[in-house]
Amino acid sequence: MDDYDPNAMPVEKARRFIQQFLAPVTETERVPIRESLGRVVAGDIASPLDVPNYDNSAMDGYAFQYTDDLSINATTPLNIIGTAFAGTPFSGMVNRGECVRIMTGAMMPKGTDTVVMQEKVSLKEALNQPSSICFTDIPKPRANVRYTGEDLKQGQIVFSNGHMMRPADLGLVASLGIESINIYRKLKVAIFSTGDELVSLGTPLKTGQVYDSNRYTLHGMLTRMGVELIDLGAIPDDPKLLESTLLVAASQADVVITSGGVSVGEADYMKQLLTQHGQVMFWKLAMKPGRPLAYGKVGHAHYFGLPGNPVAVMVTFYQFVREATLRLMGQATPAPLPTFQVQCTQAIRKLPGRTEFQRGILFADTDGLWKVKPTGAQGSALLSSMSMANCFIVLDVSVGNLDAGACVQVQVMDGIV
Ligand code: AMP
Ligand code: MG
C-alpha cells in the first residue's frame, strides 16, 4: 500500500492495482444461443463440423474438371449434362468434355473441381435449350469453389473461454449446428447513492435538495453491460442507515457501487464504515473529474466508491468500473474503449499535473475528416456535457493549454457503455 501515493494516484496505476484482485465469477449456466448475446463463454467451443461441410460453388456458373489442355482447347465445347442447385445436388458423374450448370452454394458434382462464372462462357443451344458452353475467359484451376473445412476445421476452437458473444458469433455457432452453449452466470451488482440532499423521483424538491441522478446513469451503463442490477435507493448521510445498506449490498452482490460520500467532507461517513467493514483503499486520483475514488472488498464483494458529482461518476465508471466489471463477468481480455488521435477544432484550457477527461463531440467535418470539439463548459456537475458528448478528450498529465487545430487523443464511449 505504501507504493501508492494517496495524494495523486495516476489513473493507469489505479487501474493496474484494481486488476490484480479481479477473479471472475465461476458459476456457469447453459443457455439457448440467442440468450448468449452479450454474455461470456465459459470453456472453449470447438467446431463439431468442417465448415463448409462439403465442397460447393461460390458462383452461379458451370462446374467441370480442370485439365491442363483447356487453354489450347478453349474453343472446344463442354456439354451440359445437368444442373446442381443449393440443396439439390447433381448425383451423376461428370466426365471429360462435360459440365454441370451449378448455382451458388450447390455441392460440387463428382468429377468436377472448378467453376467458371456464367458471365465467362458463351452458350450454344440445341432444341431451344442450352446444350454446351465455350469459355470466353479461362478460369484458374479450382477457381470459384469453397472447399470443405476452408472456414473452420472439425475440432478447431471457435471461441475460447472468456469470449463475449456478439451478433456474428450467434450466427457462427448456429452455422455449426450448436443449439446451446455454456456461459458464466450474470454478475450481480448492487448500487446506492448517498447524500442528505438527494431526493428520489416523484417527490417535489425543497430548497437545497437535488434529484438523485447517479442511480439512473449507473442503471443505464450497467444495464448495457448485461449485469443483474440491485438498486438499493438513495440513502441519507446517516451512519446507521449507510451501514445496514452497505452490509445488505455486500451480502447480495458480487460488486457494490456507491456514489458520493467518499471525499473528506463532514458528512462523508462511508470512509469510516468501509474501514470498519472492509479492506478499502481511498485514492485521490490525479484526474479530473473524479478525484476521490475508493476501491476494495467488503466481505466477498468488490467495492467501488465513486465520487458524488454526476460527471465524475460516469468518468470513473468508464475508466475503472467498466473494465473491472467485464473481467468479473468472465471476459478474458476486455476490449479497451477505442482510442485514437484526431484534430480538435477548438482551443482547450487545461492545467498540467493530472489527466483530464473532457467531454467531446466527434463529428464528420465538411472536409470529410472526423474531428472533435469540446462540449463547452466542463464542470464535473454538468451532466448535460455528458449527454452531448460521444467521446472523452483524454489529456495526459503533462499536457497544458492547447490551440485550436491541435491533435488530441479521444476515447469513444457512444454506444459502448
Ligand atoms: P459528495 O461526493 O457526496 O460530496 O457529492 C459531491 C456533489 O455531487 C454534491 O454536489 C452532491 O450533491 C452531488 N451528488 C452526490 N450524489 C448525487 C446523486 N446521486 N445525484 C446527483 N448529484 C449527486
Ligand atoms: Mg455527499
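Atoms within each ligand, like the ligands themselves, are counted from 1 in listed order. All heavy atoms count here, side chains included; hydrogens, waters and symmetry mates do not.
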- Task: Please name the pair of heavy atoms, one in P139 and one in V115, separated by the smallest distance, quoted to 0.1 Å.
- Result: CB-O, 4.1 Å
- atom 3 (O) of ligand 1: of G261, P310, G308, the nearest heavy atom sits on G261
- Query: If you measure from each non-hydrogen atom of S193 to ligand 1, which part falls under 4.0 Å: side chain, backbone, both or neither?
  - Reply: side chain
- V262 and ligand 1 - part of the residue with a heavy-atom distance under 4.0 Å: neither
- Task: Any atoms of ligand 1 less than 4.0 Å from a non-hydrogen atom of G260? List them with their elements.
- Result: 2 (O), 3 (O)
- Message: Evaluate D212 for polar contact with ligand 1, using N/O atom pairs at a separation under 3.5 Å.
- Response: yes
- Task: Over 60° means perpendicular and under 30° means parallel, so classify the ring planes of Y66 and F64, tilted if in between.
- Result: tilted
- Query: With a distance cut-off below 6.0 Å to the six-membered ring centre and an angular limit of 45° from the axis, does R101 pair with Y62 as a cation-pi contact?
  - Reply: yes
- Atoms of ligand 1 less than 4.0 Å from N309 heavy atoms? 6 (C), 7 (C), 8 (O)
- Item | Validation row, ring centre Y318 to ring centre F392 under 6.0 Å | yes
- Please could you name the atoms of ligand 1 that Y211 approaches to less than 4.0 Å, counting only its heavy atoms? 20 (N), 21 (C)
- In terms of the angle between their ring planes, are Y295 and F21 parallel, tilted or perpendicular, with boundaries placed at 30° and 60°? tilted
